[in-house]
Amino acid sequence: MLEQLLIFTRGGLILWTCKELGNALKGSPIDTLIRSCLLEERSGEVSFNYEAYTLKWTFHNDLGLVFVAVYQRILHLLYVDDLLNMVKESFSEVYDPKRMSYDDFEETFRQLRKEAEARGEELRKSKQVGKGLGSVKKQGQVAKSGLDGGSKQSNGESGGGSKKDDGDGDKGKVGSLMMMMTNGNHANDSDKTDDFVNGKENTTDNVVVDPSKLLKLRSKGVRGRGGVRKIDSIGNKSSKVTAVEPPKKATKKNRVWDDAAPKQVKLDFTDSVGENGNGNEEHVDIVAADQGESMMDKEEVFSSDGESEGDDDDDDEARSDEKPEAKKKGWFSSVFQSITGKANLERTDLEPALKALKERLMTKNVAEEIAEKLCESVEASLEGKKLASFTRISSTVQGAMEEALIRILTPRRSIDIMRDVHAAKEQRRPYVVVFVGVNGVGKSTNLAKVAYWLQQHKVSVMMAACDTFRSGAVEQLRTHARRLQIPIFEKGYEKDPAVVAKEAIQEATRNGSDVVLVDTAGRMQDNEPLMRALSKLINLNKPDLVLFVGEALVGNDAVDQLSKFNQKLSDLSNTGTTRLIDGILLTKFDTIDDKVGAALSMVYISGAPVMFVGCGQSYTDLKKLNVKAIVKTLLK
Amino acid sequence: MDNLEDLKIVVEQWSNQGIEYLQKIPPFQLYAAIGVLLLTTILLLSFRLARRTNSNTVLLSGLTGSGKTVLFYQLRDGSSHQGTVTSMEPNEGTFVLHSENAKKGKIKPVHLVDVPGHSRLRPKLEEFLPQAAAIVFVVDALEFLPNCRAASEYLYDILTNANVVKKKIPVLLCCNKTDKLTAHTKEFIRKQMEKEIEKLRASRSAVSTADIANDFTIGIEGEVFSFSHCSNKVTIAETSGLNGDTIQVQDFIREYIKP
């Protein structure tokens, strides 16, 4: 049964709640929905899970209204989307911006609900098969086409919906799935859905599909597509089907070699030197603070190119080159429409513009799934809106996308590290930063840059060499420490990194260092034992900041890396505080000219802000992320 | 000398030609053209002046969950209707304050803007700052201590904004939710905010010369920060959005936007 149905404006005022279902909701699901889903540009998703509830929503973009339905998660109500749509239509007839209370809507709602429930019952009982099982692009899009189908009062004939999807072609999802919105559905139908899901294109027996089961099956079946199955899992830590784990390779050697014989032949050639090495290393020149200001503190000077308005003509030309025929007609009619100011934006109008925008984002190295989700979210926010006169559809879409991008890249919390360091100093404990990432992204180099920057601001830093695996890692850090004249805590190779880190923090507390920078070994996100070791380090030492180091050259793999890291950290954490990735350090930014999309993919998938950007290989090459410049580059 | 004379002759020739040309145009068109030019310049100037001196915009800002939208609707309608949720967009309105509806005579309406407090929507505040005549910074007096740092950072960003400093926009620090029993007093809140801003001042201005985070620094060097050090006026008030006790905010608004 429905728990609650709310209607509120985008400005935050609740216009109507159902008095009949007067149950008070536990917690604050609506606020959480807004903060972690709608404002995170995930409004293209189908539903949102919060504790014991599932929430579904729809927008009326023209009037600026949001309709949200809340129900118990264990019940799989399928008439909710249909109900939301009907409520949307009937409410928009009654809506008046001046009116604040809509008590008479209660009656209308009761009728609508009866209708929707009845329809659901009918379809559940009937043996009619879901028509037209054309392959569908994504479940979210199916939901929308279903919504349109519902609004056209097509009586559960999702054939109307499937026609929309014809143009999308096969995208090879598990089976060809058509979600029947208005089906009531129960467990006794699930065995039929299993058959259905096993890849039969056109079945004529009754196939009543349950979307939530679909999600599970889909996640099980489609494995290698990158790690994005349910984005909200990162925020919610809900129990979910994890991907099939790679089988433990029998050949993987232990990190610590136990055999007695090779022990004598160990490959550690480090000279036995003290912490501040003397002897034959005196000729290393001490750099101190002479390299000038770190770029973190410099003003960003970037030439303001012409505003995006001026680029529109170029865009049109470029696009028309790609797809001459269809585009020319589309351009002309869009110009005509822009002058007359067409009534409402339809999905079909938005599609070409959004497709072009998605292509453009992908050429800028944004991961494909992220671009897809973003476009869906922008579509959800623009559909039904009135087009202002003298604006083209493409410029409206561009404006909406720009806003969405700025919103994503703006950090959710303050990234003022100095302030955090001071706060930790007051509590007389060191501020611990752990650098994690895959192999070869630049953790040790950027650790040195961060140490240099902190040192310039009169913060005492200590390095902890917890990369006890890679040959030369400890020496590398030792050299950096000597050049910057900061203490380093090391224990050599083949030690347990978690224990080394713990001792380093104790040492820092003893000698009064403000910040401890912990370097870890690079590891692939699929490597189970190494990820376990990492989460042991984090659980044991409870750092203040877990910084994920990712290179800007990465493409679609960024999504996989970050989601798997987060997933492993949350799965293997102790009960109580679960630490996830708190910030991102983007490296090798100088090697990409304008293909800055990796920043967007990483921020979107993890929700963590980009705290530093590494743009070179010397100590001063560390910057802050300039959100406006990145957005401009992405949309150019 | 010859060159000068030559120049003079050329200039004279040009001016003669120009005068001849002007005389050729029928006088009506000429006057019309000049009239249109004058009119447009006068209009532009008057718009620019009007916007600057007679701005009647008041901004409601603060962290998310502090009660801005409730306050907005209280000021406008006298009640917060059925409750609010986190705002995704600003609420704007130009109206006469609700309690003044009873007064007779022509009162100047106030353009009130409720800017969402969620950190992702922070850039929206900067769109509205240039036109603001006064700012009300709403603080949740009930859940003050957990949010103290975030609130003071936000307030610090506002107080060091270029627009606010240059135009000396007055700020009201409004402690909301004072109807609850465990809400803090305004004196306590004031002292805590001053302490936090002092720490922020130390950490942000101890950076190098090009501090790109904030445009200006506030307060006097060497002294502990206090709101009286700000060049624009900062005052404190207590309100309760749910109860409708918003009299102090209304007084503040009317102080700066003359009826």
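We use all heavy atoms of the structure for the numbers below, so side chains are in, but hydrogens, waters and symmetry mates are not. Labels below follow one simple rule: chain letters A, B, ... track the order of the sequence lines, proteins then strands, and each chain is numbered from 1. Keep in mind that this is a model prediction, so the values were computed, not measured.
Looking only at atom types and distance, the side chain of B:Ser66 has no donor-acceptor partner in the side chain of B:Asn176 under 3.5 Å away. A donor-acceptor contact closer than 3.5 angstrom is absent between the side chains of B:His118 and B:Thr64.
Both the backbone and the side chain of A:Leu13 come within less than 4.5 Å of a heavy atom of chain B. If you measure heavy-atom distances from B:Pro116 to chain A, you find no contacts under 4.5 Å at all. Proximity to chain B (any heavy atom under 4.5 Å) is shown, for A:Leu33, by neither the backbone nor the side chain. Only the side chain of A:Val66 comes within contact range of chain B, judged by heavy atoms closer than 4.5 Å.
The greatest number of non-hydrogen atom pairs below 4.5 Å with chain B, out of A:Gly64, A:Gly12, A:Ala423, is found for A:Gly12. Comparing B:Pro123, B:Ser119, B:Pro90, B:Ala150 by how many heavy-atom pairs each has under 4.5 Å with chain A, the most go to B:Ser119.
The existence of a salt bridge linking B:Glu196 and B:Lys199 is confirmed by a sub-4.0 Å separation between a basic side-chain nitrogen and an acidic carboxylate oxygen.
In this structure, B:Arg149 is not positioned above the aromatic face of B:Tyr154 in the sense of NZ or CZ being under 6.0 Å from the six-membered ring centre and within 45° of the axis.
The aromatic rings of A:Trp453 and A:His457 lie tilted to each other, with the angle between the two planes from 30° to 60°.
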